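Here's the structure, in structure tokens; my notes come after.
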Amino acid sequence: MQRADGPSRGFATRAIHAGEQPDPITRAHTTPIYQTATFSFDTAEEKAAAMEQALAWQGGFFYSRTGNPTTAALEAKLADLEGAEDAVVGASGMAAVASALLAHLDAGDHLVTSNDIFVISRVLLEDDFPRRGIEVTGVDITDLGDVRAAIRPTTRVLFAETLSNPHMKVADIEALAVIAHEAGILLVVDNTFLTPYLLQPLGLGADLVIHSATKYIAGHGDALAGAVAGPKAHIDRVRAMLDVLGSCISPFNAWLVMRGVRTLPMRMDAHSRNAAALAGFLAAHPLVTEVRYPGLASHPDHAVARRLVGDPAGGRYGGMMAVRLRGGHATMNAFANALEVCELAVSLGDVYTLVYPMPKRDNLIRVSVGCEDIDDIVADFAQALDRAARVDGQRGAARPRG
Ligand SMILES: *Cc1c(COP(=O)(O)O)cnc(C)c1O
């Protein structure tokens, strides 16, 4: 049978078929969960050869921290989807972020990062890296002059999220790649919010692309996972780092992620459609003061987003947005507490709509719009905003604002 992947096939075909084939021993149709820690050999010579090959990152298996067939199938699929030579999968998005960066930074090196990134990535970069002698400068990633000015002779890496968590800033990957490569440094991007279905940063000049596969790639909120994709020479270093840090994924979680990613295109279409409709509804709502969604013309980076991911058929800008309500903390909590269909939770990229109020971010509310019927999502927001508006009205009556 001909393999159904390869660059000539469409994205949905590759999301289903790439990296997988019927099990060569049993002919099992889906990739089995190779739930084993170790692999056994007939002879000492075979064992030695397998270890040598695997530790040179040339394939083969001897111990599941270093490599496992279920994980390898997922890695091949994700490499295909990102248009990468290779990909490596780890225990979580943070395992991916930490090992991708640590593999390319030593004491004395300098990193330029967007100052709007996922909170734990920020802890790693701002608190942990300086203790290890890695200097870090944060910049406004949408200000290309600011980015250029931050680069020093010791800078090795420019790091950004393609669409930032939580402020929804859009990184101009094409322009950032030019800046990075003029300086001879790597552009490493976290593509969690957009996924390879909407944006393939390697094709725009990025050197490494990272995912919290916990989010859209797995898509069902049932497994933690991370991935890094790029040229094999870079990925070999990340593999070695993941191996010594012991941040391997379990074969079962790799299997869950693989099951999820097969439907990535359908889910991203639904997330994008629903989010566009919800953003339109919220932008027109009197209690809503701010809607940050890259598909809206009012978003400061809309033109960049349109160039990078917009399609003429109506645009697919993903399922993430951030909103603010009139009345601040009290209104935010009243709204959140009144939701009936949408769930209050951290995390994102799930088929369930997840709402995350952030009192420490000036009462920004991050919304990961799920795949439920859009009428149900909008109706839930509408009734919760009505309840919050009553709280806002009471505040107004008790304490008139000038
Ligand atoms: C959640 C997230 C991470 C971390 O991923 P985990 O799987 O939770 O470790 C990294 N980057 C972004 C943009 C995220 O949203």
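The structure presented is a predicted model; accordingly, all values stated were derived computationally and were not measured. We number each residue from 1, following the sequence as shown.
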Heavy-atom closest contact (Phe62 atom, Ala50 atom, distance): CD2-O, 4.5 Å
Electrostatic pair Asp269:Arg273 at N-O distance under 4.0 angstrom: no
Could you check whether any side-chain N or O of Asp392 sits under 3.5 Å from a backbone N or O of Thr331, counting only pairs where one atom can act as donor and the other as acceptor? no
Mind checking whether Leu208 and Val189 have side chains closer than 4.5 Å, heavy atoms only? no
State whether a side-chain donor-acceptor pair under 3.5 Å links Asp23 with Thr26. yes
Given the rule in the salt bridge (charged side-chain N to carboxylate O under 4.0 Å, His left out) test, do Glu45 and Lys47 qualify, once you have shown the distances and angles that lead to the verdict? CA-CA 5 Å; Glu45 290 79 5; Lys47 182 223 125 222; over 6 Å; no
Can you tell me which residue among Leu187, Val188, Thr113, Leu111 is in a side chain to side chain contact (heavy atoms under 4.5 Å, CB included) with Leu158? Leu187
Side-chain donor or acceptor of Ser272 paired with backbone N/O of Met268 under 3.5 Å: yes
Quick check against the 3.5 Å criterion: does Arg14 have a side-chain atom that pairs as donor or acceptor with the backbone of Arg9? yes
Side chain to side chain donor-acceptor pair (under 3.5 Å) against Asp128, all qualifying residues, sequence neighbours excluded: Arg131, Arg132
Mind checking whether Leu296 and His302 have side chains closer than 4.5 Å, heavy atoms only? no
For Phe39 together with Phe61, are the ring centres under 6.0 Å from each other? yes
May I ask you to check whether Phe335 and Phe381 place their ring centers less than 6.0 Å from one another? yes
Got Arg148 and Glu182 here, is their nearest side-chain heavy-atom distance under 4.5 Å? yes
Please determine if Arg262 and Glu20 form a salt bridge, counting it only when a charged side-chain N lies under 4.0 Å from a carboxylate O. yes
Any Leu102 side-chain heavy atom under 4.5 Å of Ile134 side chain: yes
Side chain proximity check, Val309 to Arg316, heavy atoms < 4.5 angstrom: no
Is there a donor-acceptor contact under 3.5 Å from the side chain of His220 to the main chain of Asp222? no
Measure from the side-chain N and O atoms of Gln58 to the backbone N and O of Ala54, and report whether any donor-acceptor pair falls under 3.5 Å. no
Where do Asp236 and Lys232 land on the salt bridge (charged side-chain N to carboxylate O under 4.0 Å, His left out) test, with the steps shown first? CA-CA 6 Å; Asp236 283 355; Lys232 185 170 185 307; 3.0 Å; yes
Would you say the side chain of Met168 lies within less than 4.5 Å of the side chain of Phe193, judging by non-hydrogen atoms? yes
Centroid separation Tyr293 to His299 less than 6.0 Å: no
Going by side-chain contact (heavy atoms from CB on, under 4.5 Å), name the residues that satisfy it together with Arg361, two or more places apart in sequence or in a different chain. Asp116, Val119, Arg122, Pro166, His167, Met358, Leu364
Using a strict threshold of under 4.0 Å (side-chain N to carboxylate O), is an ion pair present between Glu75 and Lys77? no
Does Ser114 reach the main-chain N or O of Ala160 with its side chain, forming a donor-acceptor pair under 3.5 Å? no
So Tyr63 and Thr36, do their side chains get closer than 4.5 Å, heavy atoms only? no
Examine distances only and state if a side-chain atom of Asp207 and a backbone atom of Leu186 form a donor-acceptor pair shorter than 3.5 Å. no
Just by distance, no angles: are the side chains of Asn337 and Arg387 close enough, under 3.5 Å, to form a donor-acceptor pair? no
Any side-chain heavy atom of Glu135 within less than 4.5 Å of one from Arg152? yes
Would Asp109 and Thr154 count as having a side-chain donor-acceptor pair, cut-off 3.5 Å? no
Check: Glu372 main-chain N/O paired with Asn274 side-chain donor or acceptor under 3.5 Å: yes
Kindly indicate, with the supporting measurements, whether the criterion salt bridge (charged side-chain N to carboxylate O under 4.0 Å, His left out) is fulfilled by Asp301 and Lys169. CA-CA 7 Å; Asp301 308 330; Lys169 291 188 176 194; over 6 Å; no
Looking at Arg307 and Glu174, does any basic side-chain N land under 4.0 Å from a carboxylate oxygen? yes
Taking the six-membered ring for Trp and the single ring otherwise, decide whether the centroids of Phe11 and Tyr197 are under 6.0 Å apart. yes
Indicate yes or no: does Arg239 engage Asp86 in a salt bridge with an N to O separation below 4.0 Å. yes
Please check if the side chain of Asn191 supplies one atom and the backbone of Leu199 the other of a donor-acceptor pair under 3.5 Å. yes
Does one side chain, of Thr155 or His110, offer a donor that lies under 3.5 Å from an acceptor on the other? yes
